[in-house]
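To start, the structure under review is shown below, and the notes come after it.
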Amino acid sequence: MAPFVRTNRREFDFPAFTGLPPVRYVLAAAPRTGSNMLVRALWRTGRAGFADGYLTDAHALDYFERWGFDTADPATLVRDYVRHLMTCRTSPNGVFGIKVHGQHLLGLEVDLDELLVSPRYIWLRRRDRIRQAISFVMAKQTGLWLLDGAYAPAGRALAEPRYDYAEVLRHLKQLDRESRSWEEYFDRRGTVPHVVFYEDLLTDYARSLAGCLRHLGVAPPDSLPEPGIERQAGKTTERWLALFERDSARYGDDTLRNLPS
């Protein structure tokens, strides 16, 4: 049976790895921060595993069906699952990663630090939160979350995006909650993550990617590969931004205060 998730296919696996990988990391992210771009870029170096969103339902249910896990203890199930992932998603130099969004962090049945045995953290953020929220709303409305011409066929929009001031504000609140969840997580553990900003990833891709590799204790290759991800922002984004700035000046925070938490 073909995997539900394109990147779960064996073509994205590494040679079989035995034991606990020496380097384990979490790519802490939020929607529309370039996480897919960074995941692909790190994977294509051949030196940083493939830090996909393995703890989401889409990924996990696919692997559960193929590997046949059977346990009543959620914590044991997740640990067994991750150990199995390590056998095929660890790069030959012993690096394994997982991508986790802030919205999924609180719903995990296990602690990430315990699950991955004191992993390193890369925190992917975005300075321009309004553009981030606009990008989120547009992707949600159109169904186009990723333009990945290198590894997946180009998708078709399910609908034309329609600007909605309240919806953009609602997603701003959601993004704030995601950011706070990671801040609190790192504060509780006294952990200092390596921070990468989406804007820097776009303007200085090679330096951002090399910095992540160094944080993992991995020497960058002589030539850094392109990720194969297309940027989705365009004229529609700019038009929405102008409309949002107009409505923000007109309505202030009144609309935001009336939105549900």
Side-chain angles (χ1 to χ4, degrees), residues 1-31 33-122 124 139 143 145-146 148 150-153 155 178 181-182 185 216 227-229:
M1 179 178 293
F4 305 141
V5 181
R6 175 70 169 79
T7 52
N8 278 4
R9 294 183 179 181
R10 289 182 176 84
E11 66 193 270
F12 297 94
D13 288 352
F14 292 100
F17 190 91
T18 303
L20 183 68
V23 178
R24 303 157 307 281
Y25 72 98
V26 173
L27 180 59
T33 55
S35 62
N36 283 306
M37 177 185 291
L38 185 55
V39 165
R40 300 296 198 283
L42 289 167
W43 169 67
R44 293 190 72 188
T45 68
R47 306 181 181 192
F50 192 169
D52 222 342
Y54 301 117
L55 298 181
T56 62
D57 289 344
H59 283 274
L61 292 175
D62 180 7
Y63 279 119
F64 288 176
E65 181 174 324
R66 286 192 286 151
W67 290 340
F69 290 109
D70 183 19
T71 178
D73 184 348
T76 300
L77 175 63
V78 175
R79 283 196 296 270
D80 290 347
Y81 166 56
V82 169
R83 291 298 184 269
H84 204 136
L85 280 170
M86 288 175 175
T87 67
C88 61
R89 291 299 168 111
T90 300
S91 48
N93 60 336
V95 179
F96 174 82
I98 283 181
K99 179 177 73 172
V100 179
H101 281 192
Q103 62 182 326
H104 300 132
L105 183 63
L106 297 178
L108 294 179
E109 298 285 350
V110 295
D111 181 87
L112 281 175
D113 237 43
E114 296 178 1
L115 180 66
L116 295 178
V117 192
S118 301
R120 306 180 194 200
Y121 291 88
I122 297 173
L124 188 54
W145 293 93
L146 176 65
D148 181 1
Y151 304 112
E178 289 210 31
S181 69
W182 280 119
Y185 179 88
L216 300 177
I229 302 289

Do the non-hydrogen side-chain atoms of [X] and [Y] ever get within less than 4.5 Å of each other?
X      : Y      : answer
Thr7   : Phe12  : yes
Arg10  : Cys88  : no
Leu115 : Asp111 : no

Working for side chain to side chain contact (heavy atoms under 4.5 Å, CB included), residues Val78 and Leu55: CA-CA 8 Å; Val78 175; Leu55 298 181; 4.3 Å; yes
Positive for side-chain contact (heavy atoms from CB on, under 4.5 Å) with Pro119, one of Ile98, Leu112, Asp113: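 One option only clears the test, and that one is Asp113.
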Please find the pair of heavy atoms, one from [X] and one from [Y], that lie closest to each other, and give the distance.
X      : Y      : value
Leu20  : Arg83  : CD1-CZ, 4.4 Å
Val23  : Leu216 : CG1-O, 3.7 Å
Thr33  : Ala29  : OG1-CB, 4.1 Å
Gly102 : Glu178 : N-OE1, 3.2 Å
Val39  : Ala51  : CG2-O, 3.2 Å
Met86  : Pro21  : SD-CD, 3.4 Å

When rounded to the nearest 0.5 angstrom, what is the spacing between [atom1] in [X] and [atom2] in [Y]?
X      : Y     : atom1 : atom2 : result
Asp52  : His59 : CG    : NE2   : 4.0 Å
Arg66  : His84 : CZ    : NE2   : 9.5 Å
His104 : Asp57 : NE2   : CG    : 7.5 Å

Short side-chain to backbone donor-acceptor contact, Arg24 and Val117, under 3.5 Å: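 Confirmed, Arg24 side chain pairs with Val117 backbone.
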Pair Val26-Ile122, side chain to side chain contact (heavy atoms under 4.5 Å, CB included): steps then yes or no: CA-CA 6 Å; Val26 173; Ile122 297 173; over 6 Å; no
Working for side chain to side chain contact (heavy atoms under 4.5 Å, CB included), residues Phe17 and Val95: CA-CA 10 Å; Phe17 190 91; Val95 179; over 6 Å; no
Set of ring-ring contact (aromatic ring centres under 6.0 Å, His included) partners for Tyr185, sequence neighbours left out: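 ring-ring contact (aromatic ring centres under 6.0 Å, His included) check on Tyr185 returns Tyr121, Trp182.
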Parallel, tilted or perpendicular: ring planes of Phe64 versus Tyr81, cut at 30 and 60 degrees: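 Perpendicular: the ring planes of Phe64 and Tyr81 meet at over 60°.
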Salt bridge (charged side-chain N to carboxylate O under 4.0 Å, His left out) contacts touching residues 90-99 (sequence neighbours left out):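 Not a single pair qualifies under salt bridge (charged side-chain N to carboxylate O under 4.0 Å, His left out).
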Contact list for residues 88-98, test side chain to side chain donor-acceptor pair (under 3.5 Å), sequence neighbours left out: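 Checked against side chain to side chain donor-acceptor pair (under 3.5 Å) - neighbours excluded - the pairs reaching residues 88-98 are Asp13-Arg89, Tyr54-Arg89, Tyr63-Arg89, Ser91-Asn93.
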Phe50 and its ring-ring contact (aromatic ring centres under 6.0 Å, His included) partner, picked from Phe96, Trp43, Phe14: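 Only one of Phe96, Trp43, Phe14 forms a ring-ring contact (aromatic ring centres under 6.0 Å, His included) with Phe50, namely Trp43.
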Ser35 vs His101, side chain to side chain contact (heavy atoms under 4.5 Å, CB included): CA-CA, chis, key distance, verdict: CA-CA 9 Å; Ser35 62; His101 281 192; 3.9 Å; yes
